[in-house]
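Along the sequence shown, residues carry numbers from 1.
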Amino acid sequence: MAVSVSVTVTQVNDDGSEGPADSELAAALAGPVEQFSSMLAWAAQQAGGLDHGEREKVIGESGRELQRRLLEATFTIDSAREQRIGQVTSAAGIRHGSVEAGHDRGVVSVFGPVRAARLAYRNRREANLYPADARWVLPDDPYSLGMRALAAFHLAGGGYGQAQEVIQARTGVTLGRAQLAGLARDLAAWTGDFYEQRAAGADAGLPDSDVLMMQADGKGIALRPEHRGSPGKGADAAHPGIKKMAEIVAVADFTPAVREPEDIAAPPARRKANPGPKARHKWVSASITSDIPAMISAAFDEADRRDPHRTRQRVFLVDGNRQQITAISARAGERGLKVPVLIDFIHVSGYLGKAAAALHPGDPAAAARWADGQKLRVLHGRAQAVAATLKSVAARARANPRTRHLDLTDMDRAVTYLTNNRAHMRYDKALAGGWPIATGMIEGACRFVIEDRFGITGARWSPDGAEDILKLRAVVVNGDLDDYMNYYKARYRNEKHLTRYDPASIADLGLTA
């Protein structure tokens, strides 16, 4: 049994009567109507012999083609209805008085490639002007805003090859690596301005009950051979000349959760009964081209966005990097703020654990007991006393014939670390204030923003290419992609399109600056 499907497009008049659609509208909608009719006919006749997976595949492909034809139909309708503008004047004050219809261009959309025709306003002394391009906010290259957002999301989530595969499966469009890199560069260009603009428009009524937590860290990114240099400032000490440090900062809100030192060193049951503060509304930023002071400033700017009157308590957690601590003090001083800087307690635990293992080789149980005792003393705010203890114990061990063979280098390192950073180990005050004492948030951000993306085996980067992806990845991680694309669209329209016209004539184009 054959099934015939017919879809008719009618036009409803103001008086409620119906009639055939005008020829231009009917012609524009002919493609979508034909595709939709064929899909209905397929459902009635051919779908019955397929399993559900095969049906999904056919409907997905046919549905995308329907969407593509529908998008193209909207451009066709706009083109047929585009009215000639009386006077179009360029930014240079040159009148474009010659008008030609039917200037066609391609647009690569999330549904596939489409064509768009519009009026061209011409003058032999300048390039053509296309007011319709400004109304549609069409980029100068073929890739639509939807394709740009899709590329940003998948470039932030995986490698170039993975992004190519996903985009092709989703849109049917094949993008080369060079095209993707160009889109990443274009999309990343305004991310800094986006966050500055958002900070400038901050809500002054934010609650002051919660504390602002800021954290900073750094991770090495492998560079391409042509971008490698001699070890120096900004290099990864573990891979001199091969990796360059990317700096990452994070900001979050949290409600204070008061604890005692014994809660940290207690068995799991007690720690569960007295949980620490939970980070909310996390924000991250990362850069391989900006230095530590610049990134610390970015964290303070984000904190100012959340707390424009600077009434909330701020806490900064780091791993002991002296440049970070110096930059934090400088930025806080510029703002007239007192910001406690805490060393991540996990780092302290690591130093004490290695010191204990050096003192009790071959006896991990004894080492763990000894380390736990020292950790508890540090949590009580006695880091300097613990450093003195370690120094004394190491001296006695070296003087004792039975233990002088031990390699106590890790003991010495722990003493140095505790001594140099004791001012930032006031964990007793931090716990009493309900503050966090570990940089779990920034460690997680480093893994997700940097390691998961830039640690792909064999991946090598140029600094600029890595910077583009870091910026896009931070926008996606922050959950700001939709807001950023709205900002990007408005700015693209204003800076790429409207700047081509005499400002006094923009209103005549049916556009607003």
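With respect to E165 and R170, no salt bridge is recorded, no charged nitrogen being found less than 4.0 Å from a carboxylate O. With respect to R335 and D301, a salt bridge is recorded, a charged nitrogen being found less than 4.0 Å from a carboxylate O. E54 and K57 are not joined by a salt bridge, as no carboxylate oxygen comes within less than 4.0 angstrom of a charged side-chain nitrogen. Between D428 and R426 a salt bridge is recorded (basic side-chain N to carboxylate O distance below 4.0 Å). Salt bridge status for D140 with R500: present, with a side-chain N to carboxylate O gap under 4.0 Å. Checked for salt-bridge contact, E334 and R331 meet the test: a charged N lies under 4.0 Å from a carboxylate O. The residues K219 and E247 are annotated as not salt-bridged, no charged nitrogen and carboxylate oxygen being separated by less than 4.0 angstrom. Remark: R185 does not engage D464 in a salt bridge, criterion side-chain N to carboxylate O under 4.0 Å.
Residues satisfying the ring pair (Phe, Tyr, Trp, His ring centres under 6.0 Å) criterion with Y488, sequence neighbours excluded, are W190, Y492. Residues forming a salt bridge (Lys or Arg N to Asp or Glu O under 4.0 Å) with D104 (at least two apart in sequence, or on another chain): R115.
Atom CZ of F36 has 12 or fewer heavy atoms from other residues, nucleotides or ligands within 6.0 Å.
L183 places a side-chain heavy atom less than 4.5 Å from the side chain of D141. Side-chain contact between M425 and L342 is absent, with no heavy atoms from C-beta onward closer than 4.5 Å. Counting heavy atoms from C-beta on, the side chains of Y143 and V107 never come closer than 4.5 Å. The closest side-chain heavy-atom distance from V173 to P113 is below 4.5 Å.
In summary, the aromatic rings of F345 and Y427 are positioned with their centroids under 6.0 Å apart. Aromatic pair F254/W435: ring centres not closer than 6.0 Å.
Judged by distance alone, the side chain of S38 and the main-chain N or O of Q35 form a donor-acceptor pair under 3.5 Å.
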Before giving the answer on side-chain contact (heavy atoms from CB on, under 4.5 Å), spell out for L145 and L138 the whole-Å C-alpha distance, their side-chain angles and the decisive distance to 0.1 Å. CA-CA 8 Å; L145 289 171; L138 289 181; over 6 Å; no
Stepwise side chain to side chain donor-acceptor pair (under 3.5 Å) check, H424 with N421: CA-CA 5 Å; H424 306 295; N421 295 298; 5.6 Å; no
Are E65 and S62 close enough, and set up right, to give a side-chain contact (heavy atoms from CB on, under 4.5 Å), and what steps lead you there? CA-CA 5 Å; E65 175 62 13; S62 299; 5.6 Å; no
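The aromatic rings of Y484 and F194 stand perpendicular to each other, their planes meeting at an angle above 60°, with 30° marking the opposite boundary. Using cut-offs of 30° and 60° on the angle between ring planes, the pair Y195 and W283 is perpendicular.
The minimum heavy-atom distance linking G434 with P277 is given by the pair O-CG, 3.5 Å.
Going from atom CD of Q67 over to atom CG of L71 covers 9.5 Å, rounded to the nearest 0.5 Å.
For the salt bridge (charged side-chain N to carboxylate O under 4.0 Å, His left out) with R312, the lone residue among D253, D304, D307 that qualifies is D253.
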